[in-house]
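Input: a single structure, listed below in structure tokens.
Per chain, numbering begins at 1; letters A, B, ... match sequence-line order.
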Amino acid sequence: MLLRHTTKEVKEREGLTINPAKTCQPIGAMYAALGVHGCLPHSHGSQGCCSYHRSTLTRHYKEPVMAATSSFTEGASVFGGQANLLAAIETIFSVYDPDIIAVHSTCLSETIGDDLQQITRKARDDGKIPEGKHVIFASTPSFIGSHVTGYANMVTGIAEQFAVSTGSKKNQINIIAGWMEPSDMREIKRLSKELGVNIVLFPDTSDVLDAPQTGTHVFYPKGGTTIAELQSTGDSLSSLALGSISAEPAAIALEKKCKVPFETLDMPIGLRATDRFIMALSKAGNVTVPDEITADRGRLVDVIADMEQYLYGKRVALFGDPDQIIPLTEFLLDLNMKPVQIVSGTPGQRFEKQMRQILDERSPETKFKNGIGADMFLLHQWMKNEPVDLLIGNTYGKYMARDEDVPFIRFGFPILDRIGHSYFPSVGYSGGLRLVEKILTAILDRQDRDALEEKFELVM
Amino acid sequence: MEANTHFPDPSQVREELIQRYPTKVAKKRAKSIIVNDPQIIPEVQANVRTVPGIITQRGCSYAGCKGVVLGPTRDIVNIVHGPIGCSFYAWMTRRNQTRTESLMDANFIPYCFSTDMQEENIVFGGEKKLKQAIQEAYDLFHPKSIAIFSTCPVGLIGDDVHAASREMKEKLGDCNVFGFSCEGYRGVSQSAGHHIANNGVFKHMVGRDNTPSEGKFKLNLLGEYNIGGDAFEIERIFEKAGLTLVSSFSGNSTVKQLENSHTADLNVIQCHRSINYMGDMMETKYGIPWMKVSFVGAESSAKSLRKIAEYFDDEELKARVEAVIAEEMPKVKAIIDEILPRTTGKTAMLFVGGSRAHHYQDLFTELGMTTVAAGYEFAHRDDYEGRDVLPNIKIDADSKNIEELKVLPDPELYNPRKTEAELAALKEKGLEINGYEGMMKQMTKKSLVVDDLSHYESEKLIEIYKPDIFCAGIKEKYVVQKMGVPLKQLHSYDYGGPYTGFEGAVNFYKDIDRMVNNPVWKLIKAPWEKAGNGAALEATYVTQ
């Protein structure tokens, strides 16, 4: 009983968060910045933030994660961090030679009121930014929102600071990726290619955080959206934002700056969310859906139909990031399962609204909560009161799963103890198939484990 | 001793490492990159600020205080006062194994407690929320102790965690509540946090429980955090040798042990950097001498045991220690004899922590390997050059803001465990009491010592030396491996271990053998890449 102190009785807490289902903004900003080619993320604050964010991303991806820091000590905290950031910009361009430095703030630099826009302007005026190089920024105080908000803020910063509208439209669609894995971004590109739609996907961490072993460390791997591509987003026909919380703010910024119309979709996780994505993209690109995609879809539906008896009515607890668990909840309902307990640490009213829409008709009794107080301790207490058949969430869920003896599927961020998330997609029909396979394997393994000898089945 | 391995000219390496830096940066970094001479130890610039923009291995004060020192004590509720991230990132990411006596004994290590400060708390202050959080933690868990850790914004907005702790301690009555001002920006690295943690543990815990501890040879193990079960192995050896461990600081420890630790008769220090303050303070207040030991490596473990027996100066203990060594060593020898031919002559680099880069060189020596370069992430000059340099270390602004406790002999509890004459006799026998000679004395001439290694320097060093193994942490692991060099994590041990004591030595030998001789490193290039251009094409012609 590793979580032996978790009580069954649920008491309202106002001051104490226990086992959070979220973390802080800058790590999201760092991840988003890695999806831009030739970009070095930079953390404007003390060293610990940068160290922690690099460590967590490294543990999740098992890949190099490069980022610099302003290395604040007490002096900078009192007198402001301008001198540190100016010095950092100079050092970074001479030592690491990136095309772009993507600066994000921390709670430290935000509390003392450092103005990133003013400091980066000064860096340019002082000649610290070489010709053709860029310094972009995003404000990501840790005491607002969550890692998802930080991701959204940096993606917005990328859109705002690069997109240019030249007046002549390009036959391409922007796809703004919500917080998803490199494998998911690769799958989005594959689907678009199969559909025959030209897209600019940003950010794009494929080929950055799943780089091959070559015997050489490439500081700026070949992946990532290029500056030219980012600039061209201002001339695109339209944008599709995949995720109302992590991607839509950038789409809004693009519309404001370059008048690119946008549509916000759920991240294409599961059958119907993928359907909507394919429909929207085919419409935006004015193409018909090829038979291969329809066949992919058919295969997913086929597997669900074939194995429906094992899925029916299974009670699921899940936690994670809103843009991922909203479509996942819908998918679980489509699998005829019962998502009964859901928490998401990221605050915001969109989650509640979208969850209501999904759940009200088919599972009005589902408990769900997001924002302050929506932590894993609460989810665990719910699980103790009303046991479930399956738990879905990031690696930290394994403690609850072990204590409650519940099958567990790792999904979301961070996953520190398994691989696969960054190599196999969870989006699209193939991602749906992978999710169904994982769910079935967990459930059937459990059935095998628990079966009486006379009830042990060969064929399932 | 000069290494038999062929070294590149270290002075030239040094030039290459700093070449690309802007002039001011180069000048600064040059003072931290030193060509070693064990006879005349050169001065190393250490514990100074990292240049902004440099990709550093370092973390922050909070990480040192909460993550390293306080984290491993299982029955304290550690509440992080700040926005959510700080608490989240330190949530079980440092390995601190702990073994409770019964299944229901307090163990809060799998829990992450935070006040999750929001914008309104930053604007209007967060003390009210903190006190509420303490109350809620008490109501839910009834812990013996609650520790509060300040994060960056807490220091800036001026929340007084100490006053809040005092108030709550009084209110709760049976729970010891205390705070740490370990904001991330304090000092220049984790090191400041270690100091702050030592001060807090000394002030608020040590000496609270005066129950006499039992046992004839009682000692505390300082600077052992039980990563991968290291403390378990040391505990096994101590028990076998008849030594009584009163408390370890802080691997596999409990509140009660720490509070009772002043009843021990000797402090042995593993990680000098993180806890030397505690050794000194306990000596002054309670009269307990300290000794630097290392249980990393079979020979070092034997040596440390003998030192401890010598200190207690008891023939029976000495005999018992010899018996333990005699019993343990053959198992170690059997393994090393098998592995040695595969590791001898290989080279290693170590850039970790504030003592590990020293200790692990012993294991590499046992494997017949040479350490060609080493350095610490957050050490001070004494860790490199030895404590003799302490009087010459200039205190700069970044260290000045860390409280230096005024410690005096305790009017009741001060009890010198050894007389001046006894101490002098022990020193005469070569036993280093209250001293440490540092890492450089042990390293070969012309090896390279680099403090606060930057990412850029690490890539250069690998290009130049092509070491067989590189030891660092998670942030460096995959970068180095992408270069075709295996990286051994010496903070988490790549989730292996333990590496201390005799069993630990065997584990380490096996791991290093596996890593440096792993076939995967020879499979990096595809056959068609190895064969050169056109090879695959030629093969096609042949089949035609």
Segment of Arg49(B) engaging chain A (4.5 angstrom heavy-atom cut-off): side chain
Ile122(B) versus chain A, the contacting section by heavy-atom distance below 4.5 Å: side chain
Chain A contact via Ile55(B) - side chain, backbone, both or neither, heavy atoms under 4.5 Å: both
Proximity breakdown for Arg20(B) and chain A, heavy-atom pairs closer than 4.5 Å: both
Ring geometry between Tyr52(A) and Tyr89(B) (parallel below 30°, tilted from 30 to 60°, perpendicular above 60°): parallel
Chain A contact via Thr100(B) - which portion, at a heavy-atom distance below 4.5 Å: side chain
Option in Gly64(B), Pro52(B), Gly59(B) with maximal non-hydrogen atom pairs under 4.5 Å from chain A: Pro52(B)
Atom group of Tyr456(B) that falls short of 4.5 Å from chain A, counting heavy atoms: both
Residue, of Leu103(B), Thr115(B), Asp139(B), that accumulates the most heavy atom pairs under 4.5 Å with chain A: Leu103(B)
Contacting region of Pro212(A) [heavy-atom separation from chain B under 4.5 Å]: backbone
Partner chain A: residue of Ser61(B), Cys112(B), Gly184(B), Gly85(B) with the largest heavy-atom pair count (under 4.5 Å): Cys112(B)
Salt-bridge present (Glu136(B), Lys11(A); N to O < 4.0 Å): no
Side chain, backbone, both or neither of Thr56(A) within contact of chain B (heavy atoms, under 4.5 Å): side chain
Close side-chain approach of Pro20(A) to Ser87(B), heavy-atom, < 4.5 Å: no
Portion of Ser146(A) that has a non-hydrogen atom of chain B nearer than 4.5 angstrom: neither
Glu459(B) versus chain A, the contacting section by heavy-atom distance below 4.5 Å: side chain
Minimum side-chain heavy-atom gap Phe143(A)-Asn121(B) below 4.5 Å: no
Sequence neighbours excluded, every pair satisfying salt bridge (charged side-chain N to carboxylate O under 4.0 Å, His left out) that has a member inside residues 212-223 of chain A: Asp207(A)-Lys222(A)
Between Val520(B), Ile134(B), Val479(B), the one whose heavy-atom pairs under 4.5 Å with chain A are most numerous: Val479(B)
Side-chain heavy atoms of Val95(A) within contact of Pro22(B), under 4.5 Å: yes
Heavy-atom check, side chain of Thr58(A) versus side chain of Lys477(B), under 4.5 Å: no
Partner residues of Lys384(A) under the salt bridge (Lys or Arg N to Asp or Glu O under 4.0 Å) criterion, sequence neighbours left out: Glu404(A)
Side chain to side chain, Thr23(A) and Trp91(B), heavy atoms closer than 4.5 Å: no
Asn107(B) portion near chain A, given a 4.5 angstrom heavy-atom threshold: both
Step-by-step side chain to side chain donor-acceptor pair (under 3.5 Å) determination, Thr50(B) to Gln47(A): CA-CA 9 Å; Thr50(B) 303; Gln47(A) 279 152 202; 3.2 Å; yes
Criterion side chain to side chain donor-acceptor pair (under 3.5 Å) on Lys482(B) and Thr214(A), from CA distance to verdict: CA-CA 7 Å; Lys482(B) 279 279 194 285; Thr214(A) 60; over 6 Å; no
Pair His455(B) + Phe219(A): ring centers closer than 6.0 Å: yes
Whether His5(A) and Tyr111(B) hold their rings parallel, tilted or perpendicular, with breakpoints at 30° and 60°: tilted
Name of the residue among Glu377(B), Arg58(B), Lys475(B) meeting side chain to side chain donor-acceptor pair (under 3.5 Å) with Ser51(A): Lys475(B)
Whether Gln213(A) side chain and Gln481(B) backbone form a donor-acceptor pair below 3.5 Å: yes
Lys129(B) portion near chain A, given a 4.5 angstrom heavy-atom threshold: both
Proximity breakdown for Ala106(B) and chain A, heavy-atom pairs closer than 4.5 Å: both
Residue part contacting chain A, namely of Ile79(B), when any heavy atom lies under 4.5 Å: side chain
Test item: Thr106(A) and Cys152(B) side chains (from C-beta on) under 4.5 Å apart, heavy atoms: no
Under-4.0 Å salt bridge between Arg4(A) and Asp105(B): no
Contacting moiety of His42(A), where chain B heavy atoms sit under 4.5 Å: side chain
Tyr478(B) side, atom OH; Arg59(A) side, atom CZ - distance, nearest 0.5 Å: 9.5 Å
When Cys60(B), Ala192(B), Ser114(B) are compared by non-hydrogen pairs under 4.5 Å with chain A, the top option: Ser114(B)
pair Thr111(A)-Ile157(B): side-chain heavy atoms closer than 4.5 Å: yes
Separation between NZ of Lys62(A) and CD1 of Ile474(B), rounded to the nearest 0.5 Å: 6.5 Å
Test item: Arg13(A) and Leu140(B) side chains (from C-beta on) under 4.5 Å apart, heavy atoms: yes
